[in-house]
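So the structure is just underneath, and the comments pick up after that.
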2 protein chains.
Amino acid sequence: MYGLAVDKREQLIESTRELLWERGYVGTSPKAIQERSGAGQGSMYHHFQGKSELALAAIDRSAEDLRARAEAEFAGPGTVVERVTAYLCRERDVLKGCPVGKLAQDPDVMADADLRKPVEEYFGWLTGRLAELLDEGRVAGELDASLDPHATATALVAVLQGGYVLARAAGSPDVFAKAVDGALGLLATKEN
Amino acid sequence: MYGLAVDKREQLIESTRELLWERGYVGTSPKAIQERSGAGQGSMYHHFQGKSELALAAIDRSAEDLRARAEAEFAGPGTVVERVTAYLCRERDVLKGCPVGKLAQDPDVMADADLRKPVEEYFGWLTGRLAELLDEGRVAGELDASLDPHATATALVAVLQGGYVLARAAGSPDVFAKAVDGALGLLATKEN
DNA sequence: GTCTATAAGTTGATAGAC
DNA sequence: GTCTATCAACTTATAGAC
């Protein structure tokens, strides 16, 4: 627990996070995790019951990470539109996709209630938090009264997740930026 | 080539389409394809060089299928906004995800130029066609002159792809509908 | 065309030594 | 805690009979 060397348990979780991001759950084997983490079979099965338990630890951490980063933008300075824009435009590893969103497309993650839970909770929190923010802007007169906060928040989160899909399909991050531009262009009309 | 029994080649392609949709490319094995199609090893390797060549035939067909279905909505009756709305709201197997969009999240599909090509072309065509339609509405005075057709089209396609992600994460198609609602609500402001 | 046999390597895990 | 040995099943084919 002390010393410079990070313990194997920690390395296993971090390597699993990387592999889940790169190859998904179905495409990640225990062998690949062991090789990347530098841990052997025994070490992995000592710390975790198996692949799914290790994946759960990795997914939980990735979801918490994204949540903290989003909240940092939401709680920042500026008007509601400025903060939403800052969140939508913040730097992202677009071509790698969303570390959590990609898992929603993985059949074995969605089939396992334990693994799906953190994915569901992350998007539930994100959409709700964004809706709160939009409503705050609406009440303050910054945004049009006709704007539906929750539907709009859902659309904005979808633009991000879909932006990843389109950018990967095109092999270029520009498409992601274009989708965000289009969404911000539409939102601008709702500004007073 | 005649008779009631569909030939094995056809069965192999259709079974592969189903499996790619359900489990992705990484999650689909030749054995699974053979079992579902009722074809043996020899039959599969007679008609196709291997898994990737078979997947290419399946992806090509799925992309062409989606393209034809989209064009049917775009070329239908009504104003531009009515046709775009009809396309966005048409019935979809939301919880299964987009048969083509899901592949953009698959590492082995994106790593293979041949397999990525039909995915890239489908989204390129869809976004371009939608942009044409939006521009048509803009020129006709149906939509605001300030609307950027291509960025807006990209955002709308992203809302659909992201809607699939959010709906799967939530385990409910309602989230997809909510995202579309939000997007249409924003687009409505651009109507004259 | 379709089938079965075979094969080298991987998957996801268990057992037991150290 | 971490390692190596072992395992049954699966992966992605190739070979050759029918």
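These numbers come from a predicted model, not from an experiment. Labels below follow one simple rule: chain letters A, B, ... track the order of the sequence lines, proteins then strands, and each chain is numbered from 1.
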Nucleotide N/O of nucleotides 9-12 of chain D paired with protein N/O under 3.5 Å:
| residue | atom | partner | partner atom | Å |
| --- | --- | --- | --- | --- |
| D:dC10 | OP2 | B:K31 | NZ | 3.4 |
| D:dT11 | OP1 | B:S29 | OG | 3.3 |
| D:dT11 | OP2 | B:S29 | OG | 3.2 |

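A cation-pi arrangement is present between B:K51 and B:Y25, with the terminal nitrogen or guanidinium carbon under 6.0 Å from the aromatic centre and inside a 45° cone about the axis. For the pair B:R129 and B:Y122, the cation-pi test (distance below 6.0 Å, angle within 45°) is failed.
Here D:dA13 presents its P atom at 10 Å from CD1 of B:I33, a figure rounded to the nearest Å.
Side-chain contact between B:L126 and B:R67 is absent, with no heavy-atom pair separated by less than 4.5 Å.
You can see that DNA chain C meets the heavy atoms of chain B within a 4.0 Å-exclusive cut from C:dG1 to C:dA5, reading 5' to 3'.
In this structure, the side chain of B:Q11 does not engage the main chain of B:A39 through any donor-acceptor pair within 3.5 Å.
Using a 4.0 Å cut-off between charged nitrogen and carboxylate oxygen, A:E22 and A:K102 do not count as a salt-bridge pair.
Using a 4.5 Å cut-off between side-chain heavy atoms of Ile, Leu, Val, Met, Phe, Trp and Tyr, with links allowed through other members, A:Y87 and A:F176 fall into the same hydrophobic cluster.
Counting only N and O atoms by type, the side chains of B:R23 and B:T28 include no donor and acceptor under 3.5 Å apart. Side-chain contact annotation: A:Q161 with B:Q161, donor-acceptor N/O pair under 3.5 Å absent.
The residue A:G40 sits close only to the backbone: its heavy atoms come under 4.0 Å of sugar-phosphate atoms, none of a base.
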